[in-house]
Amino acid sequence: MKQTLNEKQRWYWKKNIKLILSLLVVWALVGYGGAILLAEPLYHVRFFNVSLSYWIAHQGSILVFILLILIYALRMDKLDKKYKAMLKDGE
Amino acid sequence: MSVEAITIILVLITFAIYTGIGWWSRVNDTSNFYVAGQGVPTVANGAAIAADWMSAASFISMAGLVAFLGYDGTIYLMGWTGGYVLLALLLAPYLRKFGKFTVPDFIGDRFYSSSARSVAAVATIFISLTYISGQMRGVGIVFSRYLQVDIVVGVLIGMAIVGFFALLGGMKGVTWTQAIQYFVIIIAFIIPAVAISLQLTGNPVPQLALTTSDIVDRLGQIQVDLGMTEYMAPFTDLSLLNVFMVTLALMAGTAGLPHVIVRFYTVKSVRAARWSAVWAIIFIGLLYLTAPAVGAFAKYNLIDTIADKPIEEVQSIEWVSKWETTGLLQLDDQNGDGVVNFTGGDDNEVVIDGDIIVLSTPEVANLAPFIIALVAAGGLAAALSTASGLLITMTSAVSHDIYYRIFNKTASEAQRLRVGRITLLIALGIAAYVGINPPGFAGEVVALAFGLGAASLFPVILLGIFDKRMNKEGAVAGIITGLSFTLIMIGAILSPSIIGTEEPILNSFFGINAQGVGVIGMLLNFIVSFIVSRMTPEPPSEIQQLIENVRAPELDEQPEQSVNEK
């Protein structure tokens, strides 16, 4: 176990943090923006046969949450692969 | 054959399956008792997390709550799914990398302190006990309606079954049983939803039917005509502030629930923890995307069946009379006009318990008796699976975190297992008592558990991973502040039902209700722990090293890393 992270590990952690933050921004925009703070204005927008804010609050947000977690798992798999490739190049 | 007979047979069959699995995967050492040896595949673990998660509150209560709250029901829909985003991104992978038994274990080791460990263990016990009391009401309702027994007998039967499975299998048995229970739960939820959707709209996909048919519009119109609130309009039942706060409390609470977090220790790698979270949210999302449709359809059907109909005609309907005898549905022709007035005002003559919406839906829609029985079996699976997960978590908090790690560091496996089993029996007794004498509405009680989780465990776990400077002084001060603030506020706002005052001591905390006040506790926790940690010495270097190690990428899937090695 090393005292501090080496350069590549720090790169990995920074990438990880950046990914988490961008996904959380979407999480907040959809959940708290679309479904709560903008609920009144979006109530007057129609989405098929219901109001848009109702659809986001009862369906859309949940779909987005599922996607966010899926994207995180996929992107982290990719990042793991990249990191391992970097280790090989460095040797 | 009567509905009740079919129900009993179906319930017995499902219980026989659960018992078979519990027997097949029975365990004899503590590591398997608590975390299933980290050898559970991600799909099975995802299904187990989903079943563990989806309790009587999700299965029995939620669609009913949505039916009555309309738009504002989103606090439960978003709150109980959005928390998984926090859990999957911010906590699960790192806790798995840390590789410990329990949540208090993580907190105790990360903050190098027995007091942090015991404070976390106490918070765990508090949260789990509050939560489990909500499950018992669900079990009681199902048994009292379909097995036609007294609610006390129903709760006792339920507790005996839960205890039997938990003692037999430990976490591994529970994990596999829960994976099977998930499929019982979801089938039981979706089949009636599809049938009603087809019946009302001609579209078999409930989610599409909800969005593309005119059913929600029609429901909104009928509700307005009857003097209720518009179904689709936001903030008619709760203020914007409360919708915001309760949603946030439920989300952060989800991420802070010890019995859910512990699930991410049962996989073999960090990658597997991430994919367990993916499967879990897909499985959970399936039910949560269906619930708003069930809520709207059920409300429509219910109003259509009983509103403005002659009271004698309504009372002669079989399901109406059966639910009337349980006391959960009451019709009272107050103005004596012989017609059922179902309105939002003072002239309302229908009192309906939200908890019966899902259970009565197949009967209201005249579906086959087999489907009605299936729903009862699903409700029982939901309540029992969550109750066993909670019992194991509580048991490990006592036998592992308090007894073994603090009082008796030389305890043998057998001794710890014995303490675990004794704790389990005591916890069962308390849960049965609370189930027979519930302190309030099931949904309310469950939501309070989330507020406590949000205010106590969530902030310190998060800071433990992302703030290297966070030390034991900060963490302990934070948990104590968050937990006690939230407990006091809940006690003050709900004082009539908790300590029996005439009027609530406090109406709300600046407009925030008891379910949402955990968010303030959480903010206080963050602020206090940050300030205290900056004024006290930084954590020792081996702890800082530990955090660096948790952050470093995992090179290979570690084969069966033993959690016993310290």
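Just so we're on the same page: letters track the sequence lines, and every chain starts at 1.
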Which heavy atom of [X] sits nearest to which heavy atom of [Y], and what is that distance?
{"X": "A/G31", "Y": "B/M78", "value": "O-CE, 3.2 Å"}
{"X": "B/Y94", "Y": "A/N16", "value": "OH-ND2, 2.7 Å"}
{"X": "A/I20", "Y": "B/L90", "value": "CG2-CD2, 3.6 Å"}
{"X": "A/S51", "Y": "B/M232", "value": "N-SD, 3.1 Å"}

Less than 4.5 Å apart, any side-chain heavy atom of [X] and any of [Y]?
{"X": "A/N49", "Y": "B/T212", "value": "no"}
{"X": "A/W27", "Y": "B/L89", "value": "no"}
{"X": "B/M251", "Y": "A/F65", "value": "yes"}

Residues of residues 68-75 of chain A with any heavy atom under 4.5 Å of a heavy atom in chain B: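 If one takes a 4.5 Å heavy-atom cut-off, the residues of residues 68-75 of chain A near chain B are A/L68, A/I69, A/L70, A/Y72, A/A73, A/L74.
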Option that, when pairs with chain B are counted at under 4.5 Å, heavy atom only, ranks first among A/V64, A/V50, A/L23, A/L37: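 Highest number of pairs under 4.5 Å: A/V50.
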Lys/Arg N to Asp/Glu carboxylate O, B/R271 vs A/D80, below 4.0 Å: no
Parallel, tilted or perpendicular: rings of A/Y54 and B/Y71 (30°, 60°): tilted
Ring geometry between A/H58 and B/Y231 (parallel below 30°, tilted from 30 to 60°, perpendicular above 60°):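 Perpendicular: the ring planes of B/Y231 and A/H58 meet at over 60°.
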If you count heavy-atom pairs within less than 4.5 Å of chain A, which of [options] leads?
{"options": "B/G73, B/G220, B/A233, B/A291", "result": "B/A233"}
{"options": "B/T81, B/V85, B/L210, B/V66", "result": "B/V85"}
{"options": "B/G82, B/G70, B/A88", "result": "B/G82"}

I need the [X] [atom1] to [Y] [atom2] distance, nearest 0.5 Å.
{"X": "A/I66", "Y": "B/I281", "atom1": "CD1", "atom2": "CD1", "value": "5.5 Å"}
{"X": "B/T74", "Y": "A/I36", "atom1": "OG1", "atom2": "CD1", "value": "6.5 Å"}
{"X": "B/E554", "Y": "A/K84", "atom1": "CD", "atom2": "NZ", "value": "8.0 Å"}

Toward chain A, the part of B/V216 with a non-hydrogen atom under 4.5 Å: side chain
Polar contact flag, side-chain donor to acceptor under 3.5 angstrom, A/Q59-B/Y288: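 Short answer, no.
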Evaluation steps, side-chain contact (heavy atoms from CB on, under 4.5 Å), between A/W13 and B/E548: CA-CA 10 Å; A/W13 179 247; B/E548 298 265 282; over 6 Å; no
Main-chain N/O of B/P234 paired to A/E40 side chain as donor or acceptor, under 3.5 Å: no
B/F244/A/Y32 under ring-ring contact (aromatic ring centres under 6.0 Å, His included): CA gap, chis, key distance, verdict: CA-CA 7 Å; B/F244 193 101; A/Y32 293 92; 4.8 Å; yes
A/F48 atom CZ, over 12 foreign heavy atoms within 6.0 Å: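 Atom CZ in A/F48 is not packed in, count stays at 12 or less.
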